[in-house]
**Student:** 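For reference, the structure I am asking about is given below.
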Amino acid sequence: MDDPVPVVIVGAGPTGVMAARLLAVHGVRSVVLDRWPTAYPRPRAVHLDDEVCRILHRAGVYEEFAAVSRPAEGLRLLGPDHRVLAQFSRGTADGAHGHPQANMFDQPTLEAILRRAVDHDPLVTLRGGVEVTSVSVDGDGAVAVAVTDRGSGERQTLRARYVLGCDGANSTVRARISSRVRDLGFAQRWLVVDVDTDAGIDAWEGVHQVCDPRRAATFMRVGARRYRWEFRLLPGETAEAMSAPQILHELVRPWTKDLPFEALAVVRCAEYTFRAQLADRWRVGPVFLLGDAAHLTPPFIGQGLGSGLRDAANLTWKLAAVLTGGLPDAALDSYETERRPHVTALIRLAVGVGRAMTQGGEVGNLLRRVVAPRLVHVPGLRARVLDSTTAPLRRSALRRPRRSPWSRNGRLCPNPVLGDGQRLDDVLGSSFAVLALGPLPPQVAAEARRRRVVLVPVEPASALGRWLCRGGARAALVRPDRTVMRTGADGAALLRAAPVLPPAG
């Protein structure tokens with residue numbers, strides 16, 4: 001019998017292709033299966049934050065993404081009459097993570113970039129036009145993945161050490177492992193309208209949120225020619241009826257003003273139900289769920305796609321370490337332990353923001369008119385609204401507990417420019433790293449080379465040094481996903497705690 005493929009990935013959306021790309025960076029071979037022959041051509045996600053941009057950098061695609069994305073300038077809250085209630089403006093310069101905090105983009109363009117990155121990679125095989133019909137663990141502990149070619153009807157069974165279900169909200173893999181979806185009590189029907197135009201729309205280039213229980217709406221510029229509107233649908237309204245040109249024109253007129261509707265090419269006009277959901281199990285033996293197969297997030301804080309890419313970044317380096325013997329299989333339990341609370345917090349935040357902006361009737365409108373203009377003057381609130389920093393990961397086998405509120409454990413390390421002009425991420429690559437104040441003895445450097453751990457001496461007065469000191473540490477052990485695994489006073493001791501990873505591909 002043929003040896004199993006190290007990893008089979010079901011679903012070739014951004015999460016699945018990113019997982020394949022990151023596995024290849026660690027030298028791990030994968031096969032990606034998708035029911036569609038090519039990437040889905042319609043726009044969906046439009047926002048990624050600076051934390052997720054670090055994942056794109058690690059995958060080697062950030063520069064291409066930056067060339068086609070557009071930093072957003074903040075958030076504007078509007079009343080039902082489109083008068084400005086409050087505006088939270090942010091700069092578009094690089095933040096602590098080395099990238100703009102909010103980045104707008106066209107999802108098909110991002111998917112094309114990701115697919116180009118794996119097209120000629122000998123460690124990635126991408127097969128489109130195939131249907132996965134069964135996923136089951138065989139007697140040898142491998143996973144049997146039954147596949148049917150949608151064109152020819154030919155059937156085949158692949159064997160894999162691990163399977164990643166990245167196949168979306170209607171996941172076949174999730175159904176096959178009997179994982180159930182738990183609803184978190186939020187469902188709203190919205191009309192999503194994407195347009196392309198070279199006419200230009202003269203509007204502030206942040207995100208516009210119309211706070212209105214009757215017709216809540218969102219508007220944002222996505223790219224040089226692309227714009228998106230989202231309108232909450234009323235009971236009885238359908239996307240088909242609302243997509244009539246005269247109705248669409250009235251909906252978008254507050255932003256387009258005197259611009260003829262004929263100048264807007266409608267790329268997509270479709271109904272979506274924004275939901276908040278979690279799968280009850282993300283791992284069953286060697287099978288894992290990632291992205292929309294594991295969780296659905298309402299779009300109000302722009303974290304849906306980013307959460308899937310975070311899943312891929314969290315799991316892939318662990319799989320690589322397990323496949324090469326650097327970690328036990330049990331260490332993979334840390335994936336759900338870490339990611340579930342993190343994404344749950346983001347979902348609940350998105351639900352809270354959505355309700356605050358869309359519910360409450362006339363009383364809600366009155367409260368928003370009174371309260372929103374004062375929000376920008378609340379100390380610290382403006383920074384909190386605009387801050388893209390997400391919560392630290394929970395304790396796991398691969399993340400030490402936080403002994404103080406300012407502990408760096410579980411948080412992403414920053415990505416400052418170092419003394420040689422490089423950013424930290426350029427130095428770290430896809431390895432474990434020890435960041436330590438002051439020089440370390442030569443024997444420690446030699447051990448780091450043997451263990452393929454990057455040593456970064458840190459000047460106390462530098463941005464990285466101040467970050468360590470504020471966290472009460474002299475050294476930090478940083479994982480390949482840039483999460484701080486543990487901190488301490490002894491860099492050599494942290495070095496010995498780093499799992500052994502395979503050489504970078």
Side-chain angles (χ1 to χ4, degrees), residues 36 38-48 65 67-85 87 92 102-113 188-274 299-300 302 304-305 357-358:
W36 303 109
T38 58
Y40 187 74
R42 298 296 188 185
R44 287 155 291 161
V46 293
H47 170 270
L48 290 176
F65 173 77
V68 298
S69 62
R70 189 179 194 91
E73 297 184 3
L75 172 67
R76 177 178 281 180
L77 301 180
L78 306 174
D81 57 1
H82 286 252
R83 292 183 181 179
V84 178
L85 300 176
Q87 181 169 308
T92 57
N103 303 273
M104 313 306 293
F105 69 99
D106 176 55
Q107 181 170 334
T109 303
L110 173 61
E111 293 201 46
I113 291 171
Q188 291 185 354
R189 296 168 55 246
W190 285 65
L191 183 73
V192 178
V193 183
D194 288 281
V195 306
D196 180 281
T197 180
D198 59 5
I201 295 175
D202 184 17
W204 181 69
E205 294 202 354
V207 176
H208 301 221
Q209 178 63 54
V210 179
C211 303
D212 182 0
R214 183 181 181 279
R215 180 73 78 196
T218 307
F219 166 75
M220 63 205 87
R221 184 170 187 171
V222 175
R225 298 171 51 96
R226 291 292 180 96
Y227 299 84
R228 167 171 290 186
W229 285 270
E230 298 168 351
F231 301 98
R232 188 174 179 184
L233 290 171
L234 303 180
E237 291 182 338
T238 66
E240 182 179 6
M242 299 298 288
S243 61
Q246 64 272 22
I247 295 179
L248 280 185
H249 192 192
E250 288 304 310
L251 290 174
V252 304
R253 194 194 295 274
W255 293 274
T256 60
K257 300 180 176 63
D258 296 329
L259 188 67
F261 187 71
E262 294 73 23
L264 306 178
V266 178
V267 177
R268 180 189 65 158
C269 183
E271 177 182 326
Y272 277 79
T273 300
F274 297 162
F300 301 106
L305 175 57
M357 293 180 175
T358 65

**Student:** Salt-bridged, Glu73 to Arg221, with N to O below 4.0 Å?
**Tutor:** no
**Student:** Is there a side-chain contact between Val68 and Phe105 in this structure, where contact means two heavy atoms from C-beta onward sitting under 4.5 Å apart?
**Tutor:**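 No, too far: nothing below the 4.5 Å cut-off.
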**Student:** Could you tell me the separation between the CG atom of Leu248 and the SG atom of Cys269, rounded to the nearest 0.5 Å?
**Tutor:**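 Interatomic distance, Leu248 CG to Cys269 SG, rounded to 0.5 Å: 4.5 Å.
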**Student:** What do you reckon, is CG of Asp81 surrounded by more than 12 foreign heavy atoms closer than 6.0 Å?
**Tutor:** yes
**Student:** Say you draw a straight line from CG of Asp198 to CG of Leu264; how long is it, rounded to the nearest 0.5 Å?
**Tutor:**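 Interatomic distance, Asp198 CG to Leu264 CG, rounded to 0.5 Å: 10.5 Å.
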**Student:** Mark yes or no for whether Arg232, through its side chain, and Asp212, through its backbone, hold a donor-acceptor pair below 3.5 Å.
**Tutor:** no
**Student:** For Ala216 versus Met357, what's the shortest heavy-atom pair and its separation?
**Tutor:**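 Closest approach of Ala216 to Met357, heavy atoms only: CB-O, 4.5 Å.
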**Student:** Evaluate Glu205 against Arg70 for side-chain contact (heavy atoms from CB on, under 4.5 Å), listing each step before the verdict.
**Tutor:** CA-CA 10 Å; Glu205 294 202 354; Arg70 189 179 194 91; 3.1 Å; yes
**Student:** Which residue is it: Arg215, Gln188, Arg214, Gln209? I am looking for the one with a side chain to side chain donor-acceptor pair (under 3.5 Å) to Thr358.
**Tutor:** Gln188
**Student:** Are more than 12 heavy atoms, taken from residues, nucleotides or ligands other than Glu240, located less than 6.0 Å from that residue's CD atom?
**Tutor:** no
**Student:** For the backbone of Val267 and the side chain of Arg42, can you confirm whether one donor and one acceptor N or O come within less than 3.5 Å of each other?
**Tutor:** yes
**Student:** Which pair of heavy atoms, one from Ala72 and one from Thr92, lies closest together, and at what distance?
**Tutor:**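 Taking every non-hydrogen atom into account, O-CG2, 4.1 Å.
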**Student:** Decide side-chain contact (heavy atoms from CB on, under 4.5 Å) for Trp204 and Gln87; before the verdict, give the C-alpha distance in whole Å, the side-chain angles of both, and the deciding distance to 0.1 Å.
**Tutor:** CA-CA 10 Å; Trp204 181 69; Gln87 181 169 308; 3.5 Å; yes
**Student:** If we only count heavy atoms from C-beta on, is the His47 to Met220 side-chain gap below 4.5 Å?
**Tutor:**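 A side-chain contact under 4.5 Å is absent here.
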**Student:** Would you say that Val84 contacts Leu77 through its side chain, given a criterion of any heavy-atom pair below 4.5 Å between the two side chains?
**Tutor:** no
**Student:** Please identify which of these residues, Asp106, Thr197, Asp196, meets the side chain to side chain donor-acceptor pair (under 3.5 Å) condition with Arg225.
**Tutor:**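 Going through Asp106, Thr197, Asp196 one by one, the side chain to side chain donor-acceptor pair (under 3.5 Å) with Arg225 is satisfied by Asp196 alone.
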**Student:** Just wondering, do Trp190 and Thr218 contact through their side chains at under 4.5 Å, heavy atoms?
**Tutor:** yes
**Student:** Could you grab the distance from atom CD1 of Ile201 to atom CZ of Phe219, nearest 0.5 Å is fine?
**Tutor:** 5.0 Å
**Student:** Within this structure, what is the CZ-OG1 distance for the pair Arg189 and Thr238, rounded to the nearest 0.5 Å?
**Tutor:** 8.0 Å
**Student:** Considering only heavy atoms from C-beta outward, does the side chain of Val195 approach that of Trp229 to under 4.5 Å?
**Tutor:**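 They are in contact (side-chain heavy atoms under 4.5 Å apart), so the answer is yes.
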**Student:** Which heavy atom of Tyr272 sits nearest a heavy atom of Val192, and at what distance?
**Tutor:**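 It is CD1-CG2, 3.9 Å.
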**Student:** If you define the side chain from C-beta out and look only at heavy atoms, does anything of Leu251 sit under 4.5 Å from Leu191?
**Tutor:** yes
**Student:** Starting at NE2 of His249, measure out to CD1 of Ile247 and round the result to the nearest 0.5 Å.
**Tutor:**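 Those atoms lie 13.0 Å apart.
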**Student:** Could you go through residues 255-263 and list every donor-acceptor pair under 3.5 Å that involves a side-chain atom there, pairing it with any protein atom two or more places apart or in another chain?
**Tutor:**
residue : atom : partner : partner atom : Å
Trp255  : NE1  : His208  : ND1          : 3.2
Thr256  : OG1  : Val252  : O            : 3.3

**Student:** State which residues pass side chain to side chain contact (heavy atoms under 4.5 Å, CB included) with Glu250; sequence neighbours excluded, sorted by chain then number.
**Tutor:**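 Here the qualifying residues are Arg253.
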**Student:** Is Arg268 reaching over with its side chain to a backbone N or O of Pro43, donor-acceptor style, under 3.5 angstrom?
**Tutor:**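 Side chain of Arg268 to backbone of Pro43, a donor-acceptor pair under 3.5 Å: yes, one is there.
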**Student:** Please tell me if the side chains of Glu230 and Phe274 come closer than 4.5 Å, counting only heavy atoms from C-beta onward.
**Tutor:**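 Yes, their side chains come closer than 4.5 Å.
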**Student:** With the side chain counted from C-beta on, respond yes when Val210 and His82 share a heavy-atom pair under 4.5 Å apart, and no when they do not.
**Tutor:**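 SC-SC contact between Val210 and His82 confirmed.
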